[in-house]
Amino acid sequence: MARQDKIPEVDIIIDHEAGVIRELPQPRLQSRRRRDRRANRAIYTVLVIISVIWLAPFVFLLLQSFRSYLTEDGGMVNYLLPKAFSLDNYRFLFQDPTYIRWYTNTLIIALFCAVFQTAIVLSVSYALSRMRFKGRRFIMQLMLVLGMFPGFLTMIALYFLLKQFGLTQEGAVPGLILIYTASSGMGYYISKGFFDTIPKSLDESARIDGANRFYVFKRIIMPLSKPIVIYTILMAFMAPWGDYVFASYVAFGKSDSYNVAVGLYRWVNTQDYQGYFTRFCAGGVLVAIPITALFLMLQKYYVEGVTGGAVKG
Amino acid sequence: MCPQPFFSSFPRGLDANEEVGDGMADLEYLSLGRGQRRLQDLRRWLISLPKRMGQGALRFVRGLAGLIKKLGLDIADIGQTFVKGDWKTRVSFFIMGFGSFARGQFFRGLLFFLFQAVFFLYILFFGGAYLAKMGTLGTVETSRQGRVTVYGDNSFLILLYGILTLFFILAFLYTWRLNIRQNKISQQILAGGKKLKYARDDVAALADNQFHKTLLSLPMLGLFTFTIVPIIFMILVAFTNYDYTHQPPGKLFTWVGLSNFRTMLSAGSANYGDTFAQVLFWTLTWAFFATFLNYFLGMLVAIMINKKGIRLKKMWRTILVMTIAIPQFVSLLYVSRMFAADGLINSYLISWGWISKPLPFWTDGTWARITIIIINIWIGIPYMMLIATGILMNIPADLYESARIDGANALQTYARITLPYMLFVTGPYLLTSFIGNLNNFNVIYLLTGGSPLSLQLRGNAGYTDLLITWLYKMTVTDSDYKMAAVIGIIVFIITAVISLTVYNMIPSVRHEEDFQ
């Protein structure tokens with residue numbers, strides 16, 4: 001985009017085939033410009049409509065979170081704007097020990113995952129990208145095949161394994177950290193793709209100077225890989241906030257071990273959501289704000305990771 | 001320079017350089033019309049299919065023969081080592097690590113010995129009993145004698161620990177072989193008058209030449225315990241009758257062969273076949289629409305934002321990216337409520353007098369399916385927009401310039417330059433995205449939970465259930481583990497078949513150099 005922007009509006013054209021510089025006929029240029037302007041106007045209209053559609057649910061969510069469940073109505077109503085602006089829902093959440101518990105649970109899981117998962121993903125992708133050893137291809141093929149099994153297939157077996165270690169119900173938080181982390185090596189593709197692009201000559205010259213592999217990893221590759229490290233941390237941190245399936249299964253019936261996703265899902269679906277709907281909205285807003293802020297701050301790295309991954313496959 | 005369109009290169013890409021057995025010359029082929037060429041491509045592809053399958057089978061047989069040969073050589077090598085070995089080596093055949101220990105490699109020797117000790121203790125006091133019952137998965141049922149519950153066999157544990165024990169035995173065999181090779185090598189090194197490696201060298205190597213072992217051991221252990229063992233366990237469960245009527249520790253379950261697969265795939269009121277067909281059909285439809293609608297619409301949005309002269313590019317992108325940033329359980333749960341019978345959309349439409357009773361967004365099968373696909377556009381476009389933006393910027397600007405001089409309009413430039421380039425580069429992405437959508441649990445579960453349910457569907461399935469959400473329901477709601485396992489295996493097969501077939505057709509895999 002940047003490159004295209006810098007190209008000036010040309011009135012002359014270099015015709016490579018004829019080897020001459022031609023001037024575009026003026027009237028045609030003018031009509032082209034007019035047509036361009038009309039096209040841009042249409043595009044702006046479409047973009048504005050899209051933006052409205054994209055943002056509307058979030059604005060609605062925010063608006064409804066300001067409707068008091070005490071003085072107005074905590075359920076679903078047939079109007080959008082609250083009759084009176086109120087912070088009752090937020091006040092309730094900050095005083096409700098269960099919601100605070102869910103929130104801290106999720107935060108703890110996310111922080112630990114960000115550390116452990118990143119360490120594992122980077123280790124695996126570094127080993128598979130930079131080193132050549134027996135069994136390397138086998139490991140890659142194995143992970144490819146394992147990735148084709150649906151993730152929830154193993155739910156009961158995992159539940160049982162965790163139960164053996166006492167990591168379900170009361171121990172769901174460490175249990176979930178363990179599950180999320182244990183298999184995270186399979187998500188090595190994107191960072192391996194990144195490591196593959198760092199020239200190998202860097203490693204080799206350092207090793208000739210007497211550095212061992214560990215030193216090369218720590219001092220040479222890691223500093224060059226800041227974007228992918230940040231991308232990995234971001235992904236690892238964000239995933240636990242949205243996990244409902246494993247979180248609800250492992251924490252089964254123990255409200256103290258829920259994460260926000262499970263807790264709020266309960267509020268909307270199984271409990272009397274007519275009473276809890278606005279509180280769900282407020283709870284959702286409280287989750288969405290920090291995550292969204294973090295994401296938008298690090299958006300650049302996310303885009304790099306996603307595009308790199310899509311192109312390399 | 002001009003790239004081939006993605007779809008046109010689909011079957012032709014396979015045998016463009018191969019000898020084709022249909023007697024048609026290249027020139028003849030080129031003289032055909034566009035549609036006829038596609039037909040011809042398909043024909044060639046079909047003709048070459050048996051040949052390629054045959055080649056695959058041959059490769060498999062050769063691989064197997066190679067493996068057997070290698071195993072034979074290995075056994076011969078073990079024998080040789082024993083015959084030529086000194087007494088230290090020979091004792092190591094029975095007491096692992098003895099040779100290493102006797103030659104001064106205390107650390108290695110100790111590790112070998114400890115492994116052997118642990119293995120024998122495990123088999124003797126724990127694993128052996130479970131392994132012995134693997135054939136029946138237990139025979140003694142839990143019973144109550146008076147007030148006391150007498151626990152019998154636990155089929156679940158037998159299966160799980162049986163698998164673990166089998167793996168342990170394989171690991172032991174491998175380590176035993178390693179121990180013997182160690183002895184052989186050590187003997188040779190000493191005979192050559194050189195020095196052996198000691199613990200210090202071993203540890204140093206872990207940070208250098210053997211660094212991959214340091215890096216991979218923990219991730220692989222995690223993968224083994226929490227992915228490989230559970231997957232094998234569940235694959236085996238598909239061949240048992242493990243469900244809520246056979247739940248350990250109260251009840252036993254046992255092997256039933258292929259009968260679960262028969263129940264899943266055959267028609268009739270006692271079987272799941274009709275429901276399965278219905279769910280599979282919807283899963284594939286859903287994945288198709290979710291992938292391609294998002295793909296093209298996302299690309300369109302990216303092109304619009306990227307167009308020269310459009311301002312605030314960053315702002316438009318940020319607005320779209322909001323749906324990625326906000327956790328799905330917040331956004332999707334909220335949107336699902338918006339479309340509910342008493343939700344915002346319906347109540348506003350009613351209060352404006354446009355409709356008299358709520359639209360059945362979630363209560364009618366077809367409505368629910370369409371609504372889901374449309375809402376998924378809201379979630380899915382931003383990803384594609386980001387990816388397309390990156391790729392669009394890489395398309396050489398002079399391609400567009402020359403197209404413009406040649407008088408191509410916007411649609412032609414799109415069809416001849418943008419689309420082929422995009423399809424070429426994002427082929428792998430399309431594949432992963434299709435597979436991802438086959439298993440797109442979150443969107444379905446958070447929006448509808450699979451409903452509306454129907455009496456015509458069995459196994460608690462609803463109209464919007466994908467195979468994966470059906471699997472989830474069977475596990476969590478119905479405790480019908482055997483059927484869940486069957487679905488899991490079927491999903492695996494579908495994924496594998498689609499991946500392998502498409503992967504071989506994607507031009508960016510086959511013609512990596514074309515665009516560089």
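All of these numbers come straight from a predicted model, not from anything done at the bench. So that the names make sense, note that chain A is the first sequence line, chain B the second, and so on, each numbered from 1.
- With a threshold of 4.5 angstrom between heavy atoms, A/Phe217 approaches chain B through side-chain atoms but not through N, CA, C or O.
- When the candidates A/Ile179, A/Val216, A/Ile289, A/Val260 are compared by the number of heavy-atom contacts under 4.5 Å with chain B, A/Val260 comes out ahead.
- Most heavy-atom pairs under 4.5 Å with chain A: of the set B/Leu344, B/Thr475, B/Ile468, this distinction falls to B/Leu344.
- Contacts with chain B were tallied for A/Gly185, A/Gly147, A/Ser183; A/Ser183 has the most, counting heavy-atom pairs under 4.5 Å.
- By number of non-hydrogen pairs under 4.5 angstrom with chain A, the leading residue of B/Thr214, B/Asn209, B/Ile231, B/Val301 is B/Ile231.
- With a threshold of 4.5 angstrom between heavy atoms, B/Ala484 approaches chain A through N, CA, C or O but not through any side-chain atom.
- Rounding to the nearest 0.5 Å places CG of B/Leu216 at 11.5 Å from CD of B/Gln210.
- Looking at A/Leu144, there are no atoms closer than 4.5 Å to chain B (heavy atoms on both sides), in backbone or side chain.
- Contact count against chain A (heavy-atom pairs under 4.5 Å) is highest for B/Ala325 among B/Gly222, B/Ala325, B/Ser347.
- Between the side chain of B/Asp398 and the main chain of B/Glu401, no donor-acceptor pair closer than 3.5 Å is present.
- If you measure heavy-atom distances from B/Leu438 to chain A, you find no contacts under 4.5 Å at all.
- For the atom pair CD1 (B/Ile498) and CD1 (B/Ile435), the distance works out to 5.0 Å, reported to the nearest 0.5 Å.
- In this structure, chain A has no heavy atom under 4.5 Å from any part of B/Ile493.
- In this structure the side chain of B/Thr323 reaches within 4.5 angstrom of the side chain of A/Phe58, judged on heavy atoms.
- When each of A/Leu80, A/Ile291, A/Leu158, A/Ile156 is scored by its heavy-atom pairs under 4.5 Å with chain B, the top score falls to A/Ile156.
- At least one side-chain heavy atom of A/Val124 sits under 4.5 Å from a side-chain heavy atom of A/Met143.
- For chain B, the nearby parts of A/Val145 are the backbone and the side chain; heavy atoms of each come within less than 4.5 Å.
- Of the listed residues B/Leu320, B/Thr318, B/Leu218, B/Thr225, the one with more heavy-atom pairs under 4.5 angstrom with chain A than any other is B/Leu320.
- Looking at B/Pro248 and B/Tyr242, their side chains come closer than 4.5 Å, going by heavy atoms from C-beta outward.
- Using the six-membered ring where Trp is involved, A/Phe149 and B/Phe492 have ring planes that are parallel, under 30° apart on the 30 and 60° scheme.
- For A/Leu142, the part sitting under 4.5 Å from any heavy atom of chain B is the side chain, from C-beta outward, and nothing else.
- With respect to chain A, the highest number of heavy-atom pairs below 4.5 Å among B/Phe224, B/Phe156, B/Tyr383 belongs to B/Phe156.
- A/Met155 touches chain B through its side chain: at least one heavy atom from C-beta onward sits under 4.5 Å away, while N, CA, C and O do not.
- Of the two parts of A/Ile139, only the side chain, counted from C-beta on, holds a non-hydrogen atom closer than 4.5 Å to a non-hydrogen atom of chain B.
- Contact annotation for A/Tyr79: both backbone and side-chain heavy atoms come within less than 4.5 Å of a heavy atom of chain B.
- In this structure, chain A has no heavy atom under 4.5 Å from any part of B/Met474.
- Using cut-offs of 30° and 60° for the angle between ring planes, the A/Tyr244 and A/Tyr265 rings count as tilted.
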**Request:** Go through B/Arg311 and A/Asn40 one step at a time and tell me if the side-chain hydrogen bond (donor to acceptor under 3.5 Å, both in side chains) criterion holds.
**Result:** CA-CA 10 Å; B/Arg311 284 157 206 267; A/Asn40 281 2; over 6 Å; no

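- Of the two parts of A/Arg136, neither the backbone nor the side chain holds a non-hydrogen atom closer than 4.5 Å to a non-hydrogen atom of chain B.
- Most heavy-atom pairs under 4.5 Å with chain B: of the set A/Tyr302, A/Tyr44, A/Trp241, this distinction falls to A/Tyr44.
- Interface residue B/Met338: only side-chain heavy atoms are found under 4.5 Å from chain A.
- Atom CE of A/Met297 is separated from atom OG1 of A/Thr292 by 12.0 Å, given to the nearest 0.5 angstrom.
- Of the two parts of A/Val48, the backbone and the side chain both hold a non-hydrogen atom closer than 4.5 Å to a non-hydrogen atom of chain B.
- Counting only heavy atoms from C-beta outward, the side chains of B/Leu206 and B/Phe211 never approach each other to under 4.5 Å.
- Contacts between A/Phe280 and chain B at a heavy-atom distance below 4.5 Å involve the side chain alone, from C-beta outward.
- For B/Asp480 and B/Lys482, the salt-bridge test passes: some basic side-chain N is under 4.0 Å from an acidic carboxylate O.
- Only the side chain of A/Tyr249 comes within less than 4.5 Å of a heavy atom of chain B; its backbone N, CA, C and O stay farther away.
- Side-chain contact between A/Tyr188 and A/Met140 is present, with at least one heavy-atom pair separated by less than 4.5 Å.
- Interface remark: B/Trp378 contributes backbone and side-chain atoms alike to the contact with chain A (heavy atom separation under 4.5 Å).
- Only the side chain of A/Leu161 comes within contact range of chain B, judged by heavy atoms closer than 4.5 Å.
- Only the side chain of A/Ser248 comes within less than 4.5 Å of a heavy atom in chain B; its backbone stays farther off.
- Proximity to chain A (any heavy atom under 4.5 Å) is restricted, for B/Met234, to the side chain, taken from C-beta onward.
- Pairing each heavy atom of A/Pro57 with each of B/Tyr334, the nearest pair is O-CE2, 3.4 Å.
- Side-chain contact between A/Thr154 and B/Thr227 is absent, with no heavy-atom pair separated by less than 4.5 Å.
- Among A/Leu47, A/Ile50, A/Ile120, A/Val46, the residue making the largest number of heavy-atom pairs under 4.5 Å with chain B is A/Leu47.
- Of the residues considered (A/Met186, A/Met148, A/Arg207), A/Met148 shows the highest number of contacts with chain B, using heavy-atom pairs under 4.5 Å.
- Taking the six-membered ring where the residue is Trp, A/Phe133 and B/His212 present parallel rings, their angle staying beneath 30° rather than reaching 60°.
- Interface remark: of the candidates B/Pro382, B/Ala204, B/Gly343, B/Ser479, B/Pro382 forms the most heavy-atom pairs closer than 4.5 Å to chain A.
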* Does the side-chain contact (heavy atoms from CB on, under 4.5 Å) test come out yes or no for A/Trp54 and B/Met322, once each step is laid out? -> CA-CA 8 Å; A/Trp54 248 253; B/Met322 290 292 276; 5.5 Å; no

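- Aromatic ring orientation, B/Phe441 versus B/Tyr445: parallel (interplanar angle below 30°, classes split at 30° and 60°).
- Although no hydrogens or angles enter the test, the distance criterion places a donor-acceptor pair under 3.5 Å between the side chain of B/Asn346 and the main chain of B/Ala340.
- Interface remark: A/Phe214 contributes backbone and side-chain atoms alike to the contact with chain B (heavy atom separation under 4.5 Å).
- Using a 4.5 Å cut-off between heavy atoms, B/Phe233 contacts chain A through its side chain alone, with no backbone atom that close.
- Within the 4.5 angstrom heavy-atom criterion, no atom of B/Ser433 approaches chain A.
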